Amino acid sequence: MTKSTNLHNFLIIWSGQVASILGSEMTNFAMTIWAWQFTGHATPLALIVFFVQTPRVIAAAFAGPLVDRWNRKQLMMIGDMAAGISTIAILLLLATNQLEIWHLYVSGAIKGLFGYFQELAYSASMSTIVPKQHYARATAMESYISYSGSAIVAPALAGTLYYIIGLQGILVIDIVTFAIALGTISFVHIPQPTATEIKDINSGNIWQELTFGFRYIIKRPSLLAILVFLLSSNLVTNAGGAIAAPMILAKSGNDAAAFASVQFAIGVGGLVGAAVLSVWGGPSRRIHGLLLGGALGDISGVMLGLGRIPSIWMLAGFFEAFFSPFFGSCNQAIWLSKVEPHVQGRVFACRYLIAQITSPLGLAIAGPLADRIFEPAMMSGGSLAGILGGMFGTGAGAGMALQYTLLAGCGALICLGAYTFRLLRDVEDLVPDHEQKDRLRQWNEYQ
């Protein structure tokens, strides 16, 4: 498999994805406002995320062999096409006054499923279109600068345009950005596995292929230790993230401007963090970026839950997002350096399945816990209002703030506690880089 010696192809794809993500973030912001006004409860908003995430986890059980076999460029294009068609369907339903909340669940499921194949194909191609020394930098650009930059611009644009061109106009913009992303992908060459590597992929039966990623990771206990850590961390992170938007909207009295300002601060924080990581390249020991980045981000989440005014939410959101690129990019850099490129589709699919298998549970319980337990308990006269009301206030949003704070605190403890496990802490020493293994194999063949 031919490796790229520069970032040219990556930058072309990245530029199109930035446009697509901007359109998607504008739609997500506008849809959140629409869904909150339509229902007034946290559960429907959490369920939208649930229906996006669950098909992704299910697909991870079988997507790896398909991504390693199929044309990765075509998979990426199909992902953008499916998302665009789904958005067109929502636009038509809205234009005919037939849009219901369950339509967003269906649309989210379609986007989640095809988006996962697109992201897996992109992820499995990263080590062939990006030189090794740029892994953390490119991951920061791809995963955080694009999303964070869009998070800065999208709320301001969507918040303004929502009252001028409406949700319909924003959906049209989103469709145009999908077309831009498709165009940029069509212009670049994305390397595929060589004939020898494809023969390697096709050498086993279907059960062996489906279980290849599991067997690969189990043979490397330190990589498995990362996944056990991510599994527990993602449970609390997703449960907290599902109620962040309704918490801010409820505590601000459904103030779209306050919600947009917090989203803006989160976008700035993520962009600054990714920019720092892109220029710096990340810590030499990637595991510190993963564990400390996660812990500091969760501590900032505690600040967000405790805050009662937009300025505090903005400050906490900034720092929570600032540390996010360190967590995600350093994790990805470890996997890109340890796993051979021609099997990354299967291994990364398995990685996603194990790491995210608890996410649907967190998303499913977050809304009902907020609406039925935490919110009633923190209303005036509620069972916890007298004890914790001085810290979180009482009334709408106070229960979700308590719930969010508890989840963020648990996340910080999980990240710091992970340092006590040598298999995880020393993963970079215990698992050799795939390039070292290639050189060793070449030397043995030469001998």
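The chain is numbered in sequence order, starting from 1. Because the structure is predicted, anything quoted here is derived from the model rather than measured.
With Ser222 contributing its side chain and Leu423 its backbone, the two residues share a donor-acceptor pair below 3.5 Å. With Ser300 contributing its side chain and Leu296 its backbone, the two residues share a donor-acceptor pair below 3.5 Å. In this structure, the side chain of Asp371 engages the main chain of Ala42 through a donor-acceptor pair within 3.5 Å. Of the possible donor and acceptor atoms, one in the side chain of Asn234 sits under 3.5 Å from a partner among the backbone N and O of Ala355. With hydrogens and angles disregarded, a donor-acceptor distance shorter than 3.5 Å links the side chain of Thr184 to the backbone of Ala181. A donor-acceptor pair is defined here as one N or O able to donate and one able to accept, closer than 3.5 Å; such a pair exists between the side chain of Ser261 and the backbone of Ala258. Looking only at distances, a side-chain donor or acceptor of Trp313 sits under 3.5 Å from a matching main-chain atom of Gly307. For the pair Lys338 (side chain) and Glu428 (backbone), a donor-acceptor distance under 3.5 Å is present. Judged purely by atom type and a 3.5 angstrom limit, Lys73 uses its side chain to pair as donor or acceptor with the backbone of Ser186. Between the side chain of Glu375 and the backbone N or O of Met400 there is at least one donor-acceptor pair closer than 3.5 Å.
Of all heavy-atom pairs spanning Trp36 and Pro246, the tightest one is CZ3-CB, 3.6 Å. Ile48 and Ala35 get closest at one heavy-atom pair: CD1-CB, 4.3 Å. Closest approach of Ala408 and Gly301 over heavy atoms only: CB-C, 3.7 Å. Taking both residues in full, the closest heavy atoms of Ile226 and Ile334 are given as CD1-CG2, 4.1 Å, listed atom of the first, atom of the second, then distance. The heavy-atom pair separating Ile217 from Cys350 by the smallest distance is CD1-SG, 3.7 Å. Of all heavy-atom pairs spanning Arg56 and Gly112, the tightest one is CG-O, 3.0 Å.
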Run the side-chain contact (heavy atoms from CB on, under 4.5 Å) check on Tyr352 and Phe348 step by step: do they pass?
-> CA-CA 6 Å; Tyr352 185 88; Phe348 286 6; over 6 Å; no
*side-chain contact (heavy atoms from CB on, under 4.5 Å) evaluation trace for Phe326 with His288*: CA-CA 9 Å; Phe326 293 84; His288 295 317; over 6 Å; no
task = Dump the intermediate steps for side-chain contact (heavy atoms from CB on, under 4.5 Å) on Phe29 and Ile170, then the final yes or no.
result = CA-CA 10 Å; Phe29 181 90; Ile170 292 174; over 6 Å; no
Please evaluate residues Ile78 and Gln118 with respect to the criterion side-chain contact (heavy atoms from CB on, under 4.5 Å), reporting the C-alpha separation (whole Å), side-chain torsions for both, the decisive distance (0.1 Å), and the verdict. CA-CA 7 Å; Ile78 290 171; Gln118 179 196 42; over 6 Å; no
Evaluate ring-ring contact (aromatic ring centres under 6.0 Å, His included) for Phe421 paired with Phe229, printing each intermediate quantity in order. CA-CA 10 Å; Phe421 296 92; Phe229 159 72; 9.9 Å; no
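In this structure, CG in Leu230 is found 13.5 Å from CD1 in Ile357, a value given to the nearest 0.5 Å. Between Phe318 atom CZ and Leu271 atom CG the span is 9.5 Å, to the nearest 0.5 Å. Atom CD1 of Ile185 and atom CG of Asp80 lie 4.5 Å apart (nearest 0.5 Å). Going from atom CE of Met314 over to atom CD1 of Ile309 covers 11.0 Å, rounded to the nearest 0.5 Å. Between Phe392 atom CZ and Thr405 atom OG1 the span is 4.0 Å, to the nearest 0.5 Å. Ser232 OG to Leu413 CG: the interatomic distance, rounded to the nearest 0.5 Å, is 11.5 Å.
At a threshold of 4.5 Å between non-hydrogen side-chain atoms, the residues Thr87 and Lys111 count as touching. Proximity of Val302 to Asp298: side-chain heavy atoms (C-beta onward) are nowhere separated by under 4.5 Å. Inter-residue side-chain proximity for Phe259 and Asn254 is flagged as unmet; no heavy-atom pair is nearer than 4.5 Å. Within the 4.5 Å cutoff, no side-chain heavy atoms of Phe374 are placed close to those of Ile243. Contact of the Ile354 side chain with the Phe214 side chain is registered, since non-hydrogen atoms from C-beta on lie closer than 4.5 Å. Looking at Leu292 and Tyr419, their side chains come closer than 4.5 Å, going by heavy atoms from C-beta outward. Considering only heavy atoms from C-beta on, Met247 comes within 4.5 Å of Leu304 through its side chain. Under the 4.5 Å side-chain criterion, counting only non-hydrogen atoms from C-beta, Ile180 is not in contact with Ser20.
Applying the side-chain contact (heavy atoms from CB on, under 4.5 Å) test to Leu113 and every residue at least two apart in sequence or in another chain returns Pro55, Ala59, Phe117.
Residue His103 qualifies as enclosed at atom NE2: its count of foreign heavy atoms under 6.0 Å is above 12. More than 12 heavy atoms of other residues, nucleotides or ligands shown are found within 6.0 angstrom of CZ on Phe51. Counting heavy-atom neighbours within 6.0 Å of Met303 CE, excluding the residue itself, gives a total above 12.
Judged by distance alone, the side chains of Thr394 and Ser380 never bring a donor and an acceptor atom under 3.5 Å apart.
Ring planes of Phe322 and Phe319: perpendicular class, angle over 60° (limits at 30 and 60°).
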